[in-house]
Amino acid sequence: MNIDLLAHPAEEVAPRLLGSVLTCKTPEGTVSIAITETEAYSGTADPASHAYRGRTPRNAVMFGPAGHLYVYRSHGLHWCANVATGTDGIASAVLIRAGRVIEGEDLARKRRGEKVESTRLARGPGNFCQALGITAEHNGADLLTGTSVVLSKGEAVPAALIQVGPRVGVSKAHDWQHRFYLAGDPTVSAYRLSPRAKPSAGA
(Lines give C-alpha, C1' and ligand atoms only; values in the text may rest on other atoms or scores of the structure.)
Protein backbone atom coordinates (compact mmCIF):
# COMPACT_ATOMS: atom_id res chain seq x y z
CA MET A 1 0.00 0.00 0.00
CA ASN A 2 1.30 3.43 -0.97
CA ILE A 3 1.04 6.46 1.32
CA ASP A 4 -0.17 8.47 -1.68
CA LEU A 5 -3.36 6.39 -1.70
CA LEU A 6 -4.09 7.29 1.93
CA ALA A 7 -3.13 10.98 1.97
CA HIS A 8 -6.63 12.10 0.97
CA PRO A 9 -9.93 12.82 2.77
CA ALA A 10 -11.50 9.76 4.42
CA GLU A 11 -14.49 9.70 2.08
CA GLU A 12 -12.11 9.33 -0.88
CA VAL A 13 -9.92 6.69 0.75
CA ALA A 14 -12.75 4.54 2.16
CA PRO A 15 -13.82 3.00 -1.17
CA ARG A 16 -10.17 2.57 -2.20
CA LEU A 17 -9.57 0.35 0.83
CA LEU A 18 -12.13 -2.21 -0.33
CA GLY A 19 -10.23 -5.31 -1.41
CA SER A 20 -7.12 -4.27 0.50
CA VAL A 21 -5.72 -6.70 3.08
CA LEU A 22 -5.04 -6.07 6.75
CA THR A 23 -2.64 -8.56 8.34
CA CYS A 24 -1.91 -8.91 12.05
CA LYS A 25 0.98 -11.01 13.37
CA THR A 26 0.84 -12.13 17.00
CA PRO A 27 2.57 -14.83 19.06
CA GLU A 28 -0.46 -17.03 18.33
CA GLY A 29 -0.01 -16.73 14.58
CA THR A 30 -0.97 -14.61 11.60
CA VAL A 31 -4.41 -13.64 10.31
CA SER A 32 -5.09 -11.71 7.10
CA ILE A 33 -8.45 -10.22 6.17
CA ALA A 34 -9.57 -8.70 2.86
CA ILE A 35 -11.63 -5.60 3.56
CA THR A 36 -15.24 -5.64 2.29
CA GLU A 37 -16.84 -2.72 4.18
CA THR A 38 -15.63 0.68 5.39
CA GLU A 39 -16.96 3.94 6.81
CA ALA A 40 -15.43 7.41 6.45
CA TYR A 41 -15.18 9.88 9.34
CA SER A 42 -14.15 13.40 8.44
CA GLY A 43 -12.75 14.77 11.69
CA THR A 44 -13.74 18.15 13.08
CA ALA A 45 -16.32 18.74 10.33
CA ASP A 46 -18.12 15.47 11.08
CA PRO A 47 -20.52 15.36 14.09
CA ALA A 48 -20.18 11.56 14.25
CA SER A 49 -16.38 11.65 14.38
CA HIS A 50 -14.36 11.16 17.56
CA ALA A 51 -12.40 14.24 16.51
CA TYR A 52 -15.43 16.52 16.13
CA ARG A 53 -14.60 18.49 19.28
CA GLY A 54 -10.88 18.60 18.65
CA ARG A 55 -7.73 16.69 19.48
CA THR A 56 -7.47 14.58 22.65
CA PRO A 57 -5.05 11.88 23.84
CA ARG A 58 -7.63 9.30 22.76
CA ASN A 59 -8.09 10.46 19.17
CA ALA A 60 -4.58 11.81 18.49
CA VAL A 61 -3.80 9.17 15.85
CA MET A 62 -6.70 10.47 13.72
CA PHE A 63 -4.77 13.71 13.21
CA GLY A 64 -2.03 11.94 11.27
CA PRO A 65 0.19 11.10 9.76
CA ALA A 66 -1.79 8.96 7.34
CA GLY A 67 -1.19 5.23 7.32
CA HIS A 68 -1.34 4.63 11.07
CA LEU A 69 -3.88 2.52 12.95
CA TYR A 70 -6.36 4.22 15.28
CA VAL A 71 -7.82 1.69 17.73
CA TYR A 72 -10.61 2.51 20.19
CA ARG A 73 -12.98 0.63 22.46
CA SER A 74 -16.65 0.69 21.48
CA HIS A 75 -19.22 0.68 24.30
CA GLY A 76 -16.54 -0.72 26.59
CA LEU A 77 -16.79 -4.08 24.83
CA HIS A 78 -15.15 -4.26 21.41
CA TRP A 79 -11.99 -2.91 19.80
CA CYS A 80 -12.47 -1.09 16.50
CA ALA A 81 -9.77 -0.42 13.89
CA ASN A 82 -9.43 2.71 11.76
CA VAL A 83 -6.91 3.77 9.14
CA ALA A 84 -5.73 7.37 9.56
CA THR A 85 -5.94 9.25 6.27
CA GLY A 86 -5.61 12.75 4.86
CA THR A 87 -3.17 15.54 5.67
CA ASP A 88 -1.01 15.46 8.81
CA GLY A 89 -2.61 17.68 11.45
CA ILE A 90 -6.18 17.36 10.11
CA ALA A 91 -8.28 14.56 11.60
CA SER A 92 -9.52 11.97 9.12
CA ALA A 93 -9.95 8.21 9.40
CA VAL A 94 -11.66 5.20 7.86
CA LEU A 95 -13.35 2.65 10.10
CA ILE A 96 -12.92 -0.95 8.92
CA ARG A 97 -16.36 -2.50 9.34
CA ALA A 98 -16.00 -5.97 7.85
CA GLY A 99 -13.89 -8.35 5.83
CA ARG A 100 -13.21 -11.87 4.59
CA VAL A 101 -10.55 -13.99 6.27
CA ILE A 102 -8.04 -15.13 3.64
CA GLU A 103 -5.27 -16.43 5.92
CA GLY A 104 -5.32 -17.92 9.41
CA GLU A 105 -8.98 -18.92 9.48
CA ASP A 106 -8.41 -21.55 12.19
CA LEU A 107 -6.89 -18.91 14.49
CA ALA A 108 -9.64 -16.42 13.67
CA ARG A 109 -12.26 -19.05 14.52
CA LYS A 110 -10.49 -19.89 17.77
CA ARG A 111 -10.78 -16.24 18.75
CA ARG A 112 -14.36 -15.81 17.54
CA GLY A 113 -15.85 -19.22 18.38
CA GLU A 114 -15.66 -22.64 16.82
CA LYS A 115 -19.26 -22.54 15.54
CA VAL A 116 -19.04 -19.13 13.88
CA GLU A 117 -19.63 -19.29 10.12
CA SER A 118 -16.75 -18.28 7.86
CA THR A 119 -18.68 -15.30 6.49
CA ARG A 120 -19.28 -13.97 10.01
CA LEU A 121 -15.74 -14.28 11.40
CA ALA A 122 -14.92 -10.63 10.60
CA ARG A 123 -18.43 -9.26 10.04
CA GLY A 124 -18.78 -6.03 12.01
CA PRO A 125 -15.95 -3.81 13.34
CA GLY A 126 -15.65 -5.55 16.71
CA ASN A 127 -15.55 -9.00 15.16
CA PHE A 128 -13.03 -7.80 12.60
CA CYS A 129 -10.60 -6.80 15.35
CA GLN A 130 -11.24 -9.90 17.42
CA ALA A 131 -10.54 -12.17 14.46
CA LEU A 132 -7.30 -10.33 13.70
CA GLY A 133 -6.20 -10.09 17.33
CA ILE A 134 -6.10 -6.26 17.31
CA THR A 135 -6.21 -4.56 20.72
CA ALA A 136 -5.20 -1.25 22.30
CA GLU A 137 -1.53 -2.20 22.02
CA HIS A 138 -1.80 -1.74 18.25
CA ASN A 139 -3.03 1.85 18.50
CA GLY A 140 -0.70 4.08 16.47
CA ALA A 141 0.90 1.17 14.59
CA ASP A 142 2.47 2.12 11.26
CA LEU A 143 0.53 0.11 8.69
CA LEU A 144 2.94 0.80 5.85
CA THR A 145 6.37 0.14 7.34
CA GLY A 146 5.54 -1.75 10.54
CA THR A 147 5.69 -5.48 11.13
CA SER A 148 2.91 -6.40 13.57
CA VAL A 149 0.00 -4.93 11.59
CA VAL A 150 0.34 -4.35 7.86
CA LEU A 151 -2.00 -2.90 5.24
CA SER A 152 -1.37 -4.14 1.72
CA LYS A 153 -3.05 -4.00 -1.67
CA GLY A 154 -5.25 -6.94 -2.52
CA GLU A 155 -7.28 -7.84 -5.57
CA ALA A 156 -8.67 -4.92 -7.55
CA VAL A 157 -12.37 -4.31 -6.94
CA PRO A 158 -14.51 -3.35 -9.98
CA ALA A 159 -16.20 0.02 -9.44
CA ALA A 160 -19.56 -1.56 -10.30
CA LEU A 161 -19.36 -3.70 -7.15
CA ILE A 162 -18.92 -0.78 -4.76
CA GLN A 163 -22.11 0.31 -3.03
CA VAL A 164 -22.57 3.51 -1.03
CA GLY A 165 -24.97 4.16 1.83
CA PRO A 166 -25.55 5.74 5.24
CA ARG A 167 -23.37 4.85 8.22
CA VAL A 168 -24.39 2.16 10.68
CA GLY A 169 -25.47 2.70 14.27
CA VAL A 170 -24.44 6.35 14.74
CA SER A 171 -26.91 8.93 15.99
CA LYS A 172 -25.30 12.03 14.48
CA ALA A 173 -24.77 12.54 10.75
CA HIS A 174 -25.97 8.96 10.30
CA ASP A 175 -27.45 9.78 6.89
CA TRP A 176 -24.15 10.92 5.39
CA GLN A 177 -23.35 8.60 2.48
CA HIS A 178 -19.99 7.58 3.91
CA ARG A 179 -20.37 3.81 4.12
CA PHE A 180 -18.82 1.78 1.32
CA TYR A 181 -19.20 -1.95 0.78
CA LEU A 182 -19.09 -4.74 -1.78
CA ALA A 183 -22.48 -5.48 -3.27
CA GLY A 184 -23.84 -8.91 -2.39
CA ASP A 185 -20.84 -9.90 -0.28
CA PRO A 186 -22.02 -12.09 2.65
CA THR A 187 -19.30 -10.75 4.96
CA VAL A 188 -20.75 -7.21 4.89
CA SER A 189 -22.54 -6.27 8.11
CA ALA A 190 -26.27 -5.58 8.19
CA TYR A 191 -27.45 -1.98 8.11
CA ARG A 192 -28.82 -0.77 11.44
CA LEU A 193 -30.28 2.67 12.12
CA SER A 194 -29.59 4.03 15.60
CA PRO A 195 -32.82 4.52 17.59
CA ARG A 196 -31.42 7.96 18.54
CA ALA A 197 -30.77 9.02 14.96
CA LYS A 198 -32.30 12.20 13.59
CA PRO A 199 -32.17 13.65 10.06
CA SER A 200 -29.06 15.76 9.53
CA ALA A 201 -27.54 18.00 6.91
CA GLY A 202 -24.20 17.09 5.37
CA ALA A 203 -22.36 15.15 2.75
Side-chain angles (χ1 to χ4, degrees), residues 1-22 33-56 58-72 74 80-99 122-125 128-129 143-144 151-185 187-194 197-203:
M1 179 65 66
N2 192 306
I3 185 63
D4 292 338
L5 296 177
L6 303 178
H8 299 274
E11 59 270 25
E12 294 181 19
V13 177
R16 296 176 186 173
L17 288 179
L18 296 175
S20 298
V21 176
L22 198 60
I33 300 179
I35 298 169
T36 59
E37 181 184 8
T38 61
E39 279 181 349
Y41 287 87
S42 306
T44 55
D46 185 346
S49 172
H50 287 178
Y52 182 58
R53 299 187 184 281
R55 187 174 186 141
T56 67
R58 180 199 188 199
N59 66 27
V61 178
M62 287 187 70
F63 287 79
H68 287 251
L69 192 68
Y70 168 46
V71 180
Y72 69 87
S74 176
C80 295
N82 304 255
V83 178
T85 65
T87 303
D88 195 10
I90 300 177
S92 179
V94 175
L95 171 67
I96 309 303
R97 285 203 53 85
R123 189 172 186 248
F128 186 95
C129 282
L143 298 172
L144 304 181
L151 180 66
S152 57
K153 294 187 67 174
E155 297 181 4
V157 173
L161 289 182
I162 299 177
Q163 298 291 300
V164 183
R167 296 183 289 202
V168 178
V170 296
S171 59
K172 298 179 180 179
H174 68 91
D175 46 4
W176 288 22
Q177 302 295 296
H178 282 189
R179 177 182 175 230
F180 303 86
Y181 57 96
L182 299 184
D185 194 298
T187 65
V188 172
S189 59
Y191 176 73
R192 177 176 59 84
L193 178 66
S194 169
K198 297 180 180 179
S200 61

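Numbering starts at 1 and runs along the sequence shown. Given the structure is predicted, the values throughout are model-derived calculations rather than measurements.
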Where do Tyr41 and Val170 land on the side chain to side chain contact (heavy atoms under 4.5 Å, CB included) test, with the steps shown first?
-> CA-CA 11 Å; Tyr41 287 87; Val170 296; 3.6 Å; yes
Are [X] and [Y] packed together at the side-chain level, in the sense that at least one heavy-atom pair is separated by less than 4.5 angstrom?
{"X": "Phe128", "Y": "Leu22", "answer": "yes"}
{"X": "Met62", "Y": "Ser49", "answer": "yes"}
{"X": "Val71", "Y": "Val61", "answer": "no"}
{"X": "Asn82", "Y": "Ile96", "answer": "no"}
{"X": "Tyr52", "Y": "Lys172", "answer": "no"}
{"X": "Ser92", "Y": "Glu12", "answer": "no"}
{"X": "Leu17", "Y": "Val83", "answer": "yes"}

Find the distance between [atom1] ([X]) and [atom2] ([Y]) and round it off to the nearest 0.5 Å.
{"X": "Asn59", "Y": "Arg53", "atom1": "CG", "atom2": "CZ", "result": "12.0 Å"}
{"X": "Leu95", "Y": "Glu37", "atom1": "CG", "atom2": "CD", "result": "8.5 Å"}
{"X": "Leu182", "Y": "Thr38", "atom1": "CG", "atom2": "OG1", "result": "9.0 Å"}
{"X": "Glu39", "Y": "Cys80", "atom1": "CD", "atom2": "SG", "result": "10.0 Å"}

Which donor-acceptor pairs under 3.5 Å do side chains of residues 160-169 form with protein atoms, sequence neighbours excluded?
residue : atom : partner : partner atom : Å
Arg167  : NH1  : Ala40   : O            : 2.7
Arg167  : NH1  : Asp46   : OD2          : 2.7
Arg167  : NH2  : Asp46   : OD1          : 3.0
Arg167  : NH2  : Asp46   : OD2          : 3.4
Arg167  : NH2  : Ala173  : O            : 3.1

Where do [X] and [Y] come nearest, in terms of heavy atoms and distance?
{"X": "Leu69", "Y": "Ala81", "result": "CD1-CB, 4.0 Å"}
{"X": "Val188", "Y": "Thr36", "result": "CG2-O, 3.7 Å"}
{"X": "Leu151", "Y": "Ser20", "result": "CD1-CB, 4.1 Å"}

With sequence neighbours left out, what residues match Arg16 under side chain to side chain donor-acceptor pair (under 3.5 Å)?
-> none
Under 3.5 Å donor-acceptor, Arg97 side chain and Gly124 backbone = no
Side chain of Gln177, backbone of Asp175: donor and acceptor closer than 3.5 Å?
-> yes
All pairs passing side chain to side chain donor-acceptor pair (under 3.5 Å) where residues 1-11 contributes a residue, at least two apart = Glu11-Ser42
Taking only residues two or more places apart in sequence or in another chain, which ones pass side-chain contact (heavy atoms from CB on, under 4.5 Å) with Thr87?
-> Ile90
Hits for side-chain contact (heavy atoms from CB on, under 4.5 Å) against Ala7, two or more places apart or cross-chain, chain-then-number order -> none
When you look at Val94 and Leu6, which way does the side chain to side chain contact (heavy atoms under 4.5 Å, CB included) test go after all the steps?
-> CA-CA 10 Å; Val94 175; Leu6 303 178; over 6 Å; no
For Tyr70, all residues meeting ring-ring contact (aromatic ring centres under 6.0 Å, His included), sequence neighbours excluded | His50, Tyr72
